[in-house]
Every structure is written in structure tokens, then in C-alpha cells.
Amino acid sequence: MWRVAAAVATASITMEKLFAAAVVEQRISAAWDEAGAFRAGRPDRVGAQPFCMVIPPPNVTGSLHIGHALNNTLQDVLCRFERMRGKDVLWQPGMDHAGIATQMVVERQLAERQQPDRRSMGRKAFIERVWAWKDESGGQIVGQLQRLGASCDWSRTRFTMDEGLSAAVLKVFVTLYRQGLIYKDKRLVNWDPKFLTAISDLEVVPVEIKGSLWHFRYPVVDAAGAETGEFITVATTRPETLLGDTAVAVHPEDDRYRHLQGRQVRLPLVGRLIPIVADDYSDPEKGSGAVKITPAHDFNDFEVGKRHGLPMINILDAEARLLLVGNEAFLAGVDPQAAAWALGLHGQDRFVARKAVVARMEELGLLAEVEPHALTVPHGDRSNVVIEPWLTDQWYVDAATLATPALAAVREGKTSFIPKTWEKTYFEWLDNIQPWCVSRQLWWGHQIPAWYGPDGTVFVAMSDDEAHRDAAAHYGAATPLTRDEDVLDTWFSSALWPFSTLGWPDQTPELARFYPTATLVTGFDIIFFWVARMMMMGLHFTGEVPFKDVYMHALVRDEKGQKMSKSKGNVVDPLVLIDQFGADALRFTLAAMAAQGRDIKLATSRIEGYRNFGTKLWNAARFAELNGCGRVAGFDPATTRSTLNRWVLSAFAGAVADVTAALEAYRFNDAAGAAYRFVWNLFCDWYLEFAKPVFAGQDAAEKAETQATTAYVLDGICALLHPFMPFITEELWGITGATGPARDSVLALAPWPSVAHLSDAAAQAELDWVIALISTVRSIRSELNVPAGATVPLVLVEASAEVRRRAERWGDILKRLGRFTDIGFADEAPRGAVQAPLPGAVAALPLATVIDVAAEAARLGKEGGKLRAEAGKLESKLANPGFLNKASPEVIEETRERLAELQARAGKLDDALRQISG
RNA sequence: GGGCGCGUAGCUCAGCGGGAGAGCACUUCCUUGACAUGGAAGGGGUCACAGGUUCGAUCCCUGUCGCGCCCACCA
């Protein structure tokens with residue numbers, strides 16, 4: 001006996017009251033690393049089913065934001081779940097070189113340190129400098145992901161600019177070029193005048209601007225070029241482009257302008273004669289119905305210009321300043337005297353020029369009207385400056401051709417989106433896909449493998465040598481070449497991520513084993529940037545889809561539902577939350593809130609609540625330790641005899657089934673909820689309370705079984721919660737593993753519970769009754785203000801045989817939790833007793849001396865009223881022939897049973913009311 | 001202009017054809033040998049509004065209002 005007490009005393013000092021997340025997390029991370037727990041291809045997983053996910057590679061410049069936290073929590077939940085289910089898991093980590101973002105960071109750093117800028121230092125030195133930056137301060141996010149608990153195989157970390165991935169990029173570019181799926185073209189592109197590079201359609205964001213619509217009068221001229229006195233009015237939001245106008249367009253059917261079709265106007269400020277053309281593009285409903293055409297500076301006008309063979313006059317330089325002096329296209333057919341004022345704008349910024357043009361037009365009496373006008377103006381998503389449509393040579397991917405198999409794969413179900421609603425978005429975009437501009441006028445990135453001969457002939461090749469060999473063959477002699485200066489869009493290499501990280505273009509064992517990957521978990525904001533492009537590239541180069549499931553999670557937004565962004569200042573830092581509440585609490589919150597199809601508005605009160613959940617679990621384990629609930633070698637839960645133990649095991653089996661099913665269906669919130677409810681509301685609230693009298697009791701066998709069961713279920717809880725709360729569960733696993741049979745492995749590698757056979761309906765029914773009795777009595781005591789410490793007798797009236805058996809079997813527990821002095825049976829309730837109907841008996845509490853009769857009468861009346869209202873609804877339902885004819889028999893039967901029970905309870909309440917009043 | 005989604009307890013959110021739920025907040029009681037980051041009990045909701053389908057609608061359909069997001073070439 002004293003030995004047990006000693007053991008308890010020793011045990012009691014082992015665990016602190018609270019889980020020290022900050023200290024433990026680091027130690028646990030190190031333990032996982034030590035165990036190689038996250039390595040793919042572990043010897044113990046030989047022959048196991050592979051499970052692979054690739055991480056959406058964070059930018060090398062990035063630091064963990066709340067979106068990453070959600071994204072990686074969900075991925076980690078899946079990986080840990082599958083790892084525990086015995087699969088050979090590869091969660092492939094890595095980072096993206098993030099062309100513009102990284103180049104920006106380094107350029108800013110150079111400026112801050114007052115060092116020579118990029119152009120002064122030259123390309124080679126600058127790129128070396130970027131690599132140095134990367135080695136020194138890039139990739140902080142890896143450590144931050146580890147703090148979150150991400151179970152990536154960190155030994156396989158890749159970088160989109162590393163040697164292998166660069167080889168994949170090269171191979172893909174050259175192959176697509178030779179297949180005619182990459183080509184060079186001169187057309188309007190989205191030009192970023194700040195970063196001095198082309199960007200893709202996706203990198204352009206429309207920004208709502210309150211601008212103006214200026215109406216200008218252009219003088220009509222006759223065949224001899226003399227002004228007729230008539231004017232045609234055009235409206236524009238961009239007055240400075242007037243200088244590049246090469247036509248005015250009217251609708252062919254517009255009677256207002258029919259007589260002007262084929263005539264000319266003299267372009268104000270410039271003096272150029274330009275035609276009035278008829279084109280469907282012109283919308284009679286908009287503006288004046290006549291529209292100025294500037295083919296070199298507007299995507300629509302470009303098309304109009306092509307249709308009518310109009311000249312294209314580019315009036316802007318790369319930095320969006322006016323380029324007029326020496327501009328042959330601009331000067332063609334222009335009298336320099338007449339255009340002197342305009343030429344004075346040379347070198348001015350576009351917005352300065354805009355004001356000047358408006359002012360000048362007003363002076364000349366050619367400004368007909370200015371009206372306020374709301375419009376959306378394209379901005380660069382990173383530079384945040386107004387994007388210019390600008391005429392340049394760029395490289396394009398024939399996305400439409402690559403899209404066809406990508407569309408088919410989803411239509412045929414080879415890849416599924418979860419939630420399915422995103423498939424529509426995916427189809428919509430791919431059905432209308434435009435050529436993808438992949439060249440960027442940057443230095444940091446994969447340089448385009450194209451070389452130019454002296455006459456401009458292009459040689460696309462795998463290497464400098466190959467290009468020169470091709471050139472020599474082409475020209476018949478060795479010929480000097482210059483390499484294309486441009487680099488590829490960052491997303492070009494990201495598009496290859498699922499197979500390039502596995503070793504492609506080499507046929508590596510990893511590629512064979514893990515490709516196609518199982519699931520991609522990502523945010524819907526990059527469905528076009530990334531998901532669709534991986535589908536296109538994956539299918540084209542491997543012939544297989546890159547992933548079978550795509551789980552699109554929501555965005556984490558601020559409380560107003562706004563996307564979090566640094567510029568808005570509404571970001572929540574997950575690392576701060578981890579410091580404050582622990583990684584487990586943050587993870588559990590994110591998983592619990594990750595309901596499909598809805599954005600997450602994060603409330604810290606919920607994180608706090610789930611931190612408390614961790615504390616609850618911790619203390620349950622502490623309680624178990626205090627009560628000698630050690631793990632028992634060879635313990636078989638299927639052989640437990642006590643109903644209490646069979647019940648908790650059965651409930652555990654239910655919880656495991658629920659969590660498993662929910663995770664298989666990517667229903668993270670349901671999975672977290674099911675685990676939470678079992679641990680707190682069943683295991684802690686009831687089972688451990690029920691176990692207390694057993695631990696304090698004399699039945700050694702029952703006690704031992706209950707101790708073993710507690711330890712067993714606690715083990716199972718750790719497993720069940722591990723995908724969500726890896727740190728605290730791993731720590732508990734270690735603590736409980738310190739005694740008893742040795743652990744086979746860390747929890748991260750332990751098996752997922754397999755307990756379906758422990759289900760026991762009879763035990764569940766019995767404990768449901770016990771819980772109902774206790775809850776009912778507690779409620780009564782509280783409502784009647786019975787002092788919490790007071791104990792009273794319980795009399796079970798008209799108890800069925802089963803109720804008698806149960807009451808006897810659970811006597812100790814009932815007395816303790818219901819605060820009964822003793823439990824008796826009677827055919828009639830004692831005088832003045834408070835009564836509560838239960839299945840199979842009426843619980844009577846002789847409280848006459850303790851309670852207020854009027855309060856009890858009120859309670860009974862209120863309770864009865866509720867029951868009768870409820871019963872009334874069911875009665876009218878059952879009186880409805882339509883219901884009886886058409887509802888399913890199960891529903892009708894259930895309704896009848898519920899009604900009968902309600903009526904019985906209401907009747908007993910009436911009896912009690914009569915008795916107390918009489 | 002197209003498309004998607006959302007309006008459920010004071011707040012943040014689940015649920016979604018047959019008995020309105022969670023966390024936090026609130027009220028009352030409890031420092032009883034796991035846990036006060038706790039325990040017990042309780043208050044609080046015509047499930048945005050209006051029609052329709054159905055025996056039955058918070059849930060399905062239509063419309064209205066409010067909010068958010070995505071796509072699109074609006075002079």
C-alpha cells in the first residue's frame with residue numbers, strides 16, 4: 001500500500017500544471033529531427049503506400065503570415081494523419097526565388113547601404129549579390145514553418161533556382177520552343193514602368209480610381225486639309241495619349257457621324273491629319289459615340305489599328321515619360337512648327353503631360369467638357385504603379401494548347417477540386433486563356449536560353465555551346481552570338497514544381513514512387529497563377545496529372561473580411577500567436593475553422609479557447625499519472641469487463657471513426673470538432689469523474705482495469721489529436737512512455753488507432769442513462785438554489801427492474817456526482833419531494849425542508865409548459881394525414897415515440913405539481 | 001457586364017429537408033486532492049426579407065435587400 005502511495009507522490013511532481021509550449025516545442029522539434037521522423041522512404045515504410053504532397057513554395061523573401069500558417073497546418077494535418085496510417089509520406093518542401101520580390105529586396109538594401117546600384121555593378125555581380133543575400137538572410141520562413149510543426153522532409157528542401165530545378169526549366173523551355181509552344185512576338189504587353197519589365201495579365205490588378213472623363217473637340221477638315229468648322233468630340237480618361245492618336249472611330253450605323261466616315265480630322269496640338277474610321281468597336285452609347293484611337297497605347301485600339309492598317313505611334317519610353325523628340329513615328333507628317341508646344345513635353349512624366357494637355361486644350365477652346373468618372377485602372381501587383389500597354393518583343397507560351405489536356409483531366413475526374421465549386425472557376429479561366437507572357441526584363445531568375453545571331457536569327461538551345469554549334473551550322477561558320485537578357489516569369493519554374501522537385505527530367509526513383517502526388521493544398525488566390533499552370537506543365541511533360549486532389553482552402557481575412565496585407569496594416573502575425581498561445585493552439589484553431597467554402601475571420605478568443613483545450617488535455621494526463629494509470633503491456637481493450645470502461649472505449653471508437661472519416665473528406669473542422677468533443681465533453685467531463693470513485697474504491701481488479709483503460713484511451717487521444725496538436729501530444733507520449741512497456745517510436749510515427757471493434761451499444765445506453773440522471777438532478781438543485789455542498793437522498797419512484805439494477809451498479813458514482821446521501825426506491829414519491837421524470841423512473845428528491853415550495857411549483861409549471869408546447873407540435877404533425885401518408889415510417893415511428901415520452905414526462909410533472917400544491 | 005460565395009445567439013463561426021449548435025462574452029453558484037487557462041447550472045436566436053416547392057423548410061427553388069471576392073477591353 002505504501003508503495004502505491006509513494007509512486008503517486010513521485011508521480012505528482014513529474015508534471016507541471018501547465019504545458020510549457022515555448023520550451024517544449026523546440027525540444028520536440030529536435031526529437032523529430034533526431035528520429036528522422038519526416039524522412040520519406042524510411043526503412044519501416046518499405047512497401048508502404050506512398051503519399052506525397054508538395055508544399056506551395058513560399059518566397060525566399062517571405063516570412064510566415066497567417067495564410068501560410070493555415071495552408072501548412074492543413075497540409076501537416078494530412079501528412080501526419082497519413083504517416084500514422086502507415087504510409088510512406090513525402091511532404092516536399094522548398095522555396096521560390098520570387099524574381100521581382102527578391103530583386104526588389106536586394107536593390108533596396110543596396111540603396112540603404114548607399115552601395116552602387118544594380119546597373120552600376122553589372123549583371124554578374126548583382127546576381128552574385130542576390131545569392132549572397134539568399135544565403136545570409138533568405139529563407140527564414142523554413143525555420144518558421146518548423147516552429148509551426150510542419151513535418152516536411154527537410155532533408156529534401158529545394159529551391160527554384162537550384163541546379164536541378166534550373167535544368168528542368170531549361171529542358172521545358174527548349175522543348176516547348178521546339179514544339180512551337182513557345183514563341184517570340186511583338187505586341188502590346190502590360191509594362192511596369194517602375195520595374196521596367198513586362199508582366200503577365202495575372203500580375204495586373206485593377207484599382208478603382210475616381211478620375212475624370214475629358215471631352216475633346218477635334219476639328220474636321222476637308223479633302224484639302226482645311227478646317228470645315230465642324231468638330232467631332234471624343235472622350236478620354238487619358239488625355240496624354242492624344243499625341244499618339246492615329247484615328248477617330250465611329251460606329252458604322254451611327255447616323256450622327258455617318259457623313260463624317262472617311263473624312264479626316266486635324267489632331268490638336270500635333271497637327272497630324274488622321275482619318276475618321278467606321279468600326280464596331282465604337283459604342284454609340286458611350287461618351288460621345290466617337291472614340292479616339294491610340295493603337296500603341298491601348299489594347300482595344302491596337303486591334304482597331306490592325307483592322308484599319310493604322311500607324312502605331314509609341315509616344316512613351318520605358319519609364320512612361322513622353323518620347324517625342326527624335327521619334328520618327330510621331331514626327332511623320334507633322335509640321336514641327338505646329339507641334340512645337342507638344343514637343344516641349346518631351347521627357348515629361350505621363351501624368352504631368354496629362355495635366356498639360358488638358359490645360360492646353362482648354363486654352364485652345366477644344367475642351368468641351370470634363371466629367372467626374374469612376375474607372376478601374378490597371379496597376380502592377382508588386383510595384384503598385386499604373387501599368388502601361390506598351391509595344392515590345394516578348395516570349396509567349398501558347399497556353400491555349402497546353403490548356404486542352406488540363407481541362408480534360410479535371411472534366412474526366414483525374415484531378416478533383418475540393419470544394420468542387422472551384423472547378424467552374426478553373427474551367428472558366430482555362431477556356432478563355434490568353435498567351436502567357438513569360439519573359440521579364442529582370443536579372444534575378446532563369447535566363448532565357450535564346451541566343452541571337454548578327455542578323456537576329458534566334459537559336460534556342462540547352463547550352464551556350466549548343467547554341468554556337470547551331471549557329472555555326474546555320475551560318476556555315478563560327479559566329480558570335482548574344483544571349484537574350486531576359487529571365488523567365490517566376491511562375492514558369494513554379495509550374496514544374498511537382499515533378500522538378502522529384503528529380504525530373506531524370507527518371508529518379510522518387511519521381512516513379514511519388515508522382516503523381518496525392519493532394520495539393522493551396523489557397524484559391526493562386527488557382528490561375530499556379531494550380532492551372534502546374535496542371536498544364538505536368539500533363540504536357542509527364543503525361544500524368546500532377547496531383548489527384550486539389551484542396552482549396554479559404555483566405556484568412558481580418559474582422560472586416562478584408563484580405564490581410566501589409567499596406568493595409570491589418571496583418572496578424574502567426575509567430576506572435578505561437579509565442580502567446582503555442583503552435584498547437586494556433587493549429588487547432590485554424591483546423592477547427594477551416595470549413596469548406598468559407599473564409600476565416602480569425603478571432604484570438606478562439607485561439608485562447610483551444611489553448612485551454614490543450615491545458616485540459618494536459619491535466620487529464622496529469623490526473624492519470626496521479627492515479628497510477630500506467631500503460632500495461634499486453635492490455636487488450638476488447639476484454640474489459642467494466643461497463644464504464646467498455647463505454648469509454650466505445651465512445652473512443654466512435655470518435656476515431658468520425659475523425660478519420662472527416663479527414664478523408666478534407667473536413668478539417670469536423671475532424672477537429674469530433675476530437676475536441678470526445679476529449680473534453682466525454683473523456684474529461686464524465687469518464688474521469690466516473691473513474692474517481694473506482695480509483696478510490698476497494699475493487700482492485702476493477703481499479704486496475706480502469707487504470708489500464710485510462711492509460712490506453714489517453715494514448716489513443718494523443719494519437720487522435722496528434723495531426724492537429726503535434727507538440728503537446730508528442731510530449732505526453734514521451735511522458736507516458738517513460739514508464740511501462742517501451743515505445744516503438746515517436747508519436748509522429750505511431751499507428752493511427754484501429755478500434756472499431758470496441759463499439760458497445762449496451763454500455764453506451766447505460767451510461768447515457770447515468771449521465772441523464774446526474775444532469776437532471778444537478779439542474780434541479782441549481783434552479784432551486786440547493787447549496788452546492790448539501791447532500792440529499794434520492795428516491796427512484798416506480799423504478800423498472802433495469803433502473804434498479806443500474807442504480808445499484810452505479811451507486812457510488814451517482815452518490816458522488818449527484819451529491820446523494822443514499823439511493824432508495826419507492827412506489828410513490830415522498831411527500832413534498834421534488835420530482836423529475838426519467839426513462840424508467842421518476843427521480844424524487846425529498847427537499848421539502850430545503851426548498852421554496854413556490855419556486856418549485858414555478859419550476860414544474862415552466863418545465864411542463866415547455867413539454868406541452870413541444871408535444872403539441874408533434875400531435876398536430878401526427879394528426880396530419882399528409883405526414884402519415886408521405887413521411888418515411890422511421891420518421892413517423894420516431895415522432896410517436898418522442899410524443900409518448902413527452903406526454904409521460906408532462907404527466908409526471910403534473911402529478912408532482914399537484915402533490916406539492918396539495 | 002459576367003461568375004462565385006456569404007447574411008444562424010452580443011462577437012467569431014459550425015450545421016443544412018423532420019427535435020436550433022460550438023468557442024468566446026454574459027448571469028448565478030463552486031477555490032471539492034487533474035485542470036480557476038477549471039467545474040456546475042442558466043439567460044440569449046420569428047436561422048436577412050418576400051414568395052414558391054413539400055406532409056414538413058434555417059436547410060431546396062425564385063426574387064429582393066445587404067456584404068465580400070474573382071473574372072472582363074468599358075472610351
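Throughout, a chain's letter reflects where its sequence line sits, starting with A, and its residues are numbered from 1.
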Is there a side-chain hydrogen bond (donor to acceptor under 3.5 Å, both in side chains) between A:K292 and A:T241 once you walk through the steps?
CA-CA 9 Å; A:K292 64 195 269 311; A:T241 62; 2.6 Å; yes
Nearest-nucleotide pick for A:K17, side chain only, options being B:A36, B:G38, B:G19
B:A36
When the C1' atoms of B:G56 and B:A48 are considered, how many whole Å apart are they?
23 Å
What about the rings of A:W618 and A:F19, do their centers lie closer together than 6.0 Å?
yes
Using the side-chain heavy atoms of A:K286, tell me which of these nucleotides is nearest: B:A22, B:C74, B:A34.
B:C74
Any A:K424 side-chain N or O less than 4.0 Å from OP1/OP2 of B:C4:
yes
Using OP1 and OP2 only, check whether a side-chain N or O of A:N619 sits under 4.0 Å from B:U37.
no
Of A:A249 and A:R606, the one whose nearest nucleotide on RNA chain B sits closer to the 5' end is A:R606
Using a heavy-atom cut-off of 4.0 Å across all strands, would you classify A:H215 as base, sugar-phosphate, or nothing?
nothing
The nucleotide from B:C71, B:G23, B:C4 with an atom nearest the side chain of A:F528 is B:C71
Contact class for A:S888 (heavy atom, under 4.0 Å): base, sugar-phosphate, or nothing?
base
Within the modelled atom types, does a donor on one side and an acceptor on the other bring the side chain of A:E689 and the base of B:A40 under 3.5 Å apart?
no
Pick base, sugar-phosphate or nothing for A:E870, based on heavy-atom distances below 4.0 Å to the nucleic acid.
sugar-phosphate
A:T421 side chain: which of B:C4, B:A40, B:A34 is closest?
B:C4
Any A:S779 side-chain N or O less than 4.0 Å from OP1/OP2 of B:G42
yes
Spacing of A:I600 atom CD1 relative to B:C6 atom P, expressed in whole Å:
15 Å
Mark yes or no for a side-chain to base donor-acceptor pair under 3.5 Å between A:K616 and B:C35, with no hydrogen or angle criteria applied.
yes
Any strand: nucleotide that pairs with B:G33 via Watson-Crick or wobble, under 3.5 Å:
none
Which nucleotide in the set B:A14, B:U12, B:A40 lies at the smallest distance from any side-chain heavy atom of A:D670?
B:A14
Heavy-atom nearest nucleotide on RNA chain B for A:W429 versus A:I774: which residue maps closer to 5'?
A:I774
Looking across every strand, which nucleic acid part, if any, lies under 4.0 Å from A:Y676 by heavy atom: base, sugar-phosphate, or nothing?
sugar-phosphate
Measure from the side chain of A:F524, starting at C-beta and using heavy atoms only, and say which of B:C35, B:G38, B:C69 lies closest.
B:C69
Using purine N1 to pyrimidine N3 plus N6-O4 or O6-N4 for Watson-Crick, or N1-O2 and O6-N3 for G-U wobble, each under 3.5 Å, what pairs with B:A9?
none
Should A:K692 and A:E689 count as an ion pair when the cut-off is N to O under 4.0 Å?
yes
Return the value, rounded to whole Å, for the distance between atom OH of A:Y426 and atom C1' of B:C71.
17 Å
Could you state the CZ-P distance from A:R819 to B:C30, rounded to the nearest angstrom?
12 Å
For A:Y610 and B:G23, give me the distance from atom OH to atom C1', rounded to whole Å.
5 Å
Give A:N885 one of three labels, base, sugar-phosphate or nothing, depending on what nucleic acid heavy atoms sit under 4.0 Å from its own.
nothing
Any sub-3.5 Å donor-acceptor pair from A:D245's side-chain atoms to A:A247's backbone N or O?
no
Measuring only the C1' atom in each nucleotide, how far is B:U58 from B:G43? A whole number of Å is fine.
22 Å
Round to the nearest Å and state the distance from A:I527 atom CD1 to B:G3 atom C1'.
13 Å
Is the shortest side-chain N to carboxylate O distance from A:E240 to A:R238 below 4.0 Å?
yes
Between A:K692 (NZ) and B:C35 (C1'), how many Å, whole number?
9 Å
Would you say a side-chain N or O of A:R898 is under 4.0 Å from OP1 or OP2 of B:G19?
yes
From B:G23, B:G39, B:G15, nucleotide with atom closest to A:W680 side chain
B:G39
Scan every strand shown for a Watson-Crick or G-U wobble partner of B:U27, both distances under 3.5 Å, and answer none if you come up empty.
B:A41
Per A:R622 side chain, nearest of listed nucleotides B:A40, B:U12, B:A34:
B:A34
Of all the choices, B:C70, B:G15, B:U37, which nucleotide is nearest to the side chain of A:R667 once you look at every atom?
B:G15
Just checking A:A887: base, sugar-phosphate only, or nothing, at a heavy-atom cut-off of under 4.0 Å?
base
Would you mind classifying the nucleic acid contact of A:T589 as base, sugar-phosphate or nothing, using non-hydrogen atoms under 4.0 angstrom?
nothing
Pair partner, B:U62 [Watson-Crick or wobble, under 3.5 Å]:
B:A50
Does B:G1 have a Watson-Crick or wobble partner in any strand here, with both distances under 3.5 angstrom, and which is it?
B:C71
Report the distance from atom CG of A:L213 to atom C1' of B:C74, rounded to the nearest whole Å.
11 Å
Between B:C24 and B:A20, how many Å separate the two P atoms, rounded to a whole number?
24 Å
Centres of the A:Y610 and A:F581 rings: under 6.0 Å?
no
Charged N to carboxylate O below 4.0 Å: is that the case for A:E901 and A:R898?
no
Which part of the nucleic acid does A:S782 contact within heavy-atom distance under 4.0 Å: base, sugar-phosphate only, or nothing?
sugar-phosphate
Are A:F690 and A:W686 near enough that their ring centres are under 6.0 Å apart?
yes
Whole-Å gap separating P (B:A57) and CZ (A:F883):
12 Å
Intermediate values then yes/no, side-chain hydrogen bond (donor to acceptor under 3.5 Å, both in side chains), A:E203 and A:S200
CA-CA 5 Å; A:E203 291 161 283; A:S200 76; 3.0 Å; yes
Provide the Watson-Crick or G-U wobble partner of B:G17, both distances under 3.5 Å; none if there is no partner.
none
If you check every side-chain atom of A:L626, which of B:A14, B:A34, B:G38 has the closest atom?
B:A34
